[in-house]
Protein chains: 2
Amino acid sequence: MTTVLIVDDEGPFVRALGISLRARGYDVETAETGEAGLEIAARAHPDAVVLDLGLPGIGGLEVLRGLRSWSSAPVIVLSARHAEATKVEALDAGADDYITKPFGFDELLARLRVVLRRATPGLDEPVIVTSNFTLDLRAKRASTPTGTEIRLTPTEWGIVETLVRNPGRLVSQRQLLQDVWGPAYETETPYLRVHMAAIRRKLEPDRARPRYFITEAGMGYRFQPEQ
Amino acid sequence: MTTVLIVDDEGPFVRALGISLRARGYDVETAETGEAGLEIAARAHPDAVVLDLGLPGIGGLEVLRGLRSWSSAPVIVLSARHAEATKVEALDAGADDYITKPFGFDELLARLRVVLRRATPGLDEPVIVTSNFTLDLRAKRASTPTGTEIRLTPTEWGIVETLVRNPGRLVSQRQLLQDVWGPAYETETPYLRVHMAAIRRKLEPDRARPRYFITEAGMGYRFQPEQ
DNA sequence: GCGCCGCGTAGAGATTGCGTCAAGGCCATT
DNA sequence: AATGGCCTTGACGCAATCTCTACGCGGCGC
């Protein structure tokens, strides 16, 4: 399920957009101030954010920067301001798109699809095959080579996905905790240890000698594709 | 070097944009028809494409679809048409952005930076290759030329990274200690000696005669790239 | 030639980090 | 109200890593 966070202080607009998104199968969270937006983002880790630049209190740009300090989720900025310098500033601050009001919902939805398909790499090739298991990221299905299903819990999927989306690369414990649990859990390394053990029990042929999910002591974990 | 392909039939515009891009360090290829665009894309493998929708001959959308059949390079579509349905069509056909004319160069350049940073993350993280080892800083991975993995501990990575990020330059012991251990450890030069020995054991062909990690007595260490 | 200084090496001990297990709590489902 | 799945949390043993010390070597100045 894809979660979209809308941060905007115009109630009617937010409600209308929310309905549109939900009708298309997205999960929607909303916030009417920048502070609330950052808070909800930290709790719900949305897959994309629609952010109004003209917010009361802390401005849209601050929200964008706050978000970018830990999240790489795509952000679409909405604004009534047409000035080129403003656009460039927002885009360089980490926004993925900048749409000026007024605009059509269909365009916004299309642009949302664009940033979502770019932000989740490996979605075009979402099946990972090793000689011990097969992962279908899109279907969220794991199975043995013979086809028997392996059940992974939501947390285990979260960890496996971020590791598998960075094949061969080291993923720091910090990033794993941020991706799966949210920025407030950066230091909860014990969680990671427990769940890594569970993942290995299910996916490694010999959990004492991991072959796919490698520990790098003091740094993080690495998914090692076959060959 | 980042290569941008411009497909547009308005000569003066193409020339002006080309100059702007080259001035910013991009490599630029241009094509005035869709057919030529596809041909050049296949030959040059651009990192991004700026594509005019209103082309003579085969249309911009065809070019986009042709491109997407084999390439995932980001495409920014330019068009005079404001109709929402046209935008949605292009975006769903694989475009990463859709800009309506007239527009400012600064905005186009900013949007180009956006799609490039999404499409090629970590473009700036270098890979260091010598005839004795390979270092991939982004993946935090060291290996022999034959592909065997070399394991470096967190401290060793810290030292190697600061040395390798200053190729050929002397890095003082003080700076190394500060970077890796923190400012309170400025005087703990014995640590450095011990860990440099470990690094050489793993990365130098003959640790008695260091070739890559050179000691400058009384001053510091230097990473000597090959050649 | 002699002594000093800085460096490389080795190894023991301390520390940190990791894997494992099991108990307890929360939530949804029945 | 009871069950089962899942996540959190703490305790423990083990492995990896770092710290710290001792020693030997070589260059340099005297």
Side-chain angles (χ1 to χ4, degrees), chain A residues 1 43-45 140 142 149-161 163 170-182 184-223, chain B residues 140 142 149-161 163 170-174 176-182 184-222:
Chain A
M1 182 70 98
R43 177 172 54 69
H45 10 120
K140 281 222 189 310
E149 189 175 351
I150 305 173
R151 296 190 72 100
L152 298 184
T153 70
T155 312
E156 287 159 17
W157 266 112
I159 298 172
V160 168
E161 269 198 57
L163 286 175
L170 179 90
V171 183
S172 68
Q173 320 184 57
R174 194 195 195 91
Q175 194 191 325
L176 279 169
L177 287 163
Q178 277 184 1
D179 274 19
V180 179
W181 279 271
Y185 294 78
E186 266 187 13
T187 56
E188 300 290 342
T189 53
Y191 293 10
L192 220 44
R193 294 213 294 273
V194 172
H195 289 285
M196 283 304 304
I199 291 170
R200 286 183 174 137
R201 251 198 308 277
K202 296 178 181 177
L203 298 181
E204 289 280 1
D206 175 6
R207 66 173 166 174
R209 245 164 278 104
R211 195 167 147 193
Y212 306 106
F213 297 95
I214 314 288
T215 303
E216 303 279 0
M219 302 195 289
Y221 294 87
R222 179 198 311 280
F223 171 67
Chain B
K140 273 217 190 323
E149 191 176 344
I150 305 173
R151 297 204 119 177
L152 299 184
T153 70
T155 315
E156 287 158 16
W157 268 112
I159 298 172
V160 168
E161 272 199 52
L163 287 175
L170 176 83
V171 182
S172 69
Q173 317 187 37
R174 194 196 198 88
L176 278 169
L177 288 162
Q178 270 188 13
D179 274 21
V180 180
W181 279 271
Y185 294 77
E186 269 186 9
T187 55
E188 300 288 344
T189 53
Y191 293 8
L192 217 43
R193 292 212 295 274
V194 170
H195 289 284
M196 283 304 305
I199 290 170
R200 286 183 175 136
R201 243 195 317 275
K202 296 178 181 178
L203 297 182
E204 289 281 1
D206 175 6
R207 65 174 165 174
R209 245 163 272 108
R211 194 166 148 196
Y212 305 107
F213 297 95
I214 314 289
T215 304
E216 302 280 357
M219 308 177 60
Y221 295 87
R222 174 202 313 280

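Computed from a prediction, not measured in an experiment: that's the story for all the values here. These values consider heavy atoms only, across backbone and side chains, with no hydrogens, waters or symmetry-generated copies. All chains are named by letter (A, B, ...) in the order of the sequence lines, taking the proteins before the strands, and each is independently numbered beginning at 1.
Note on B/T215: a side-chain N or O is less than 4.0 Å away from OP1 or OP2 of C/dG8. Listed pair B/Y221 / C/dG8 meets the phosphate criterion, a side-chain N or O lying under 4.0 Å from OP1 or OP2. Here A/Q173 reaches the OP1 or OP2 of C/dC18: one of its side-chain N or O atoms lies under 4.0 Å away. In this structure, A/Y191 reaches the D/dT9 phosphate: one of its side-chain N or O atoms is under 4.0 Å from OP1 or OP2. The shortest distance between the side-chain N/O atoms of B/W181 and the OP1/OP2 oxygens of D/dC18 is not below 4.0 Å. Between A/T153 and D/dC7 there is a side-chain polar atom (N or O) within less than 4.0 angstrom of OP1 or OP2.
Rounded to an integer number of Å, the gap from CZ of A/R222 to P of C/dC18 is 14 Å. When the C1' atom of D/dC6 is taken as reference, atom CH2 of A/W157 falls 17 Å away, rounded to whole Å. Put simply, CZ on A/F213 is 13 Å from P on C/dG19, counting in whole angstrom units. To the nearest angstrom, C1' of C/dG19 lies 14 Å from CD1 of A/I159. Distance CZ (A/R209) to P (D/dC14): 17 Å, rounded to an integer number of Å. Rounding to whole angstrom units, CZ of residue B/R151 and C1' of C/dC18 are separated by 13 Å. Spacing between atom CD of A/E216 and atom P of D/dA15 amounts to 18 Å, rounded to whole angstrom units. Straight-line distance from the CD atom of B/E156 to the P atom of D/dT17: 8 Å, rounded to whole Å.
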Shorter than 3.5 Å, N or O on both sides, protein versus nucleotides 26-28 of chain D: list them out with atom names.
none

List every contact pair, protein side and nucleotides 27-30 of chain C side both N or O, where the distance is under 3.5 Å.
none

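Each end of the helix from C/dG1-D/dC30 to C/dT30-D/dA1 gets its own rotation axis from five pairs of C1' atoms, and the angle between them is 30° to the nearest 10 degrees.
Partners of A/E161 under the salt bridge (Lys or Arg N to Asp or Glu O under 4.0 Å) rule, at least two apart in sequence or in another chain, are A/K140, A/R165. B/R200 meets the side chain to side chain donor-acceptor pair (under 3.5 Å) test with B/T215; sequence neighbours excluded. For B/R222, the salt bridge (Lys or Arg N to Asp or Glu O under 4.0 Å) partners are B/E216, not counting sequence neighbours. Under the salt bridge (Lys or Arg N to Asp or Glu O under 4.0 Å) criterion, A/R209 pairs with A/D206, not counting sequence neighbours. For the ring-ring contact (aromatic ring centres under 6.0 Å, His included) test, no residue two or more places apart in sequence or in another chain qualifies with B/Y221. Contacts of B/P205 classified as side chain to side chain contact (heavy atoms under 4.5 Å, CB included), with partners at least two apart in sequence or in another chain: B/N132, B/R211, B/Y212. By the ring-ring contact (aromatic ring centres under 6.0 Å, His included) test, A/H45 pairs with no residue at all, sequence neighbours left out.
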Report task. Quick one: do B/K202 and B/T153 satisfy side-chain contact (heavy atoms from CB on, under 4.5 Å)? Show the steps, please. Result -> CA-CA 11 Å; B/K202 296 178 181 178; B/T153 70; 4.1 Å; yes
Query raised in the report: Between B/E149 and A/I214, does a side-chain contact (heavy atoms from CB on, under 4.5 Å) hold up when you go through it step by step?
Result: CA-CA 12 Å; B/E149 191 176 344; A/I214 314 288; 5.8 Å; no
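A distance of 10.0 Å separates CD in A/E156 from CE in A/M196, rounded to the nearest 0.5 Å. One distance of note links OH of B/Y191 with OG1 of B/T189; it measures 10.5 Å at 0.5 Å rounding. In this structure, CD1 on A/I150 lies 12.0 Å from CD1 on A/I199, to the nearest 0.5 angstrom.
Using a 4.0 Å cutoff on non-hydrogen atoms, the parts of residues 192-208 of chain A near DNA chain D are A/V194, A/H195, ordered by number.
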Could you pull out all donor-acceptor pairs under 3.5 Å where a side-chain atom in residues 170-182 of chain A meets a protein atom, sequence neighbours excluded?
unit_1, atom_1, unit_2, atom_2, d
A/S172, OG, A/Q175, N, 3.1
A/R174, NH2, A/E186, OE1, 3.2
A/Q178, NE2, A/E186, OE2, 2.5

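Listed here is the closest heavy atom pair of B/P154 and A/A217: CG-O, 3.4 Å.
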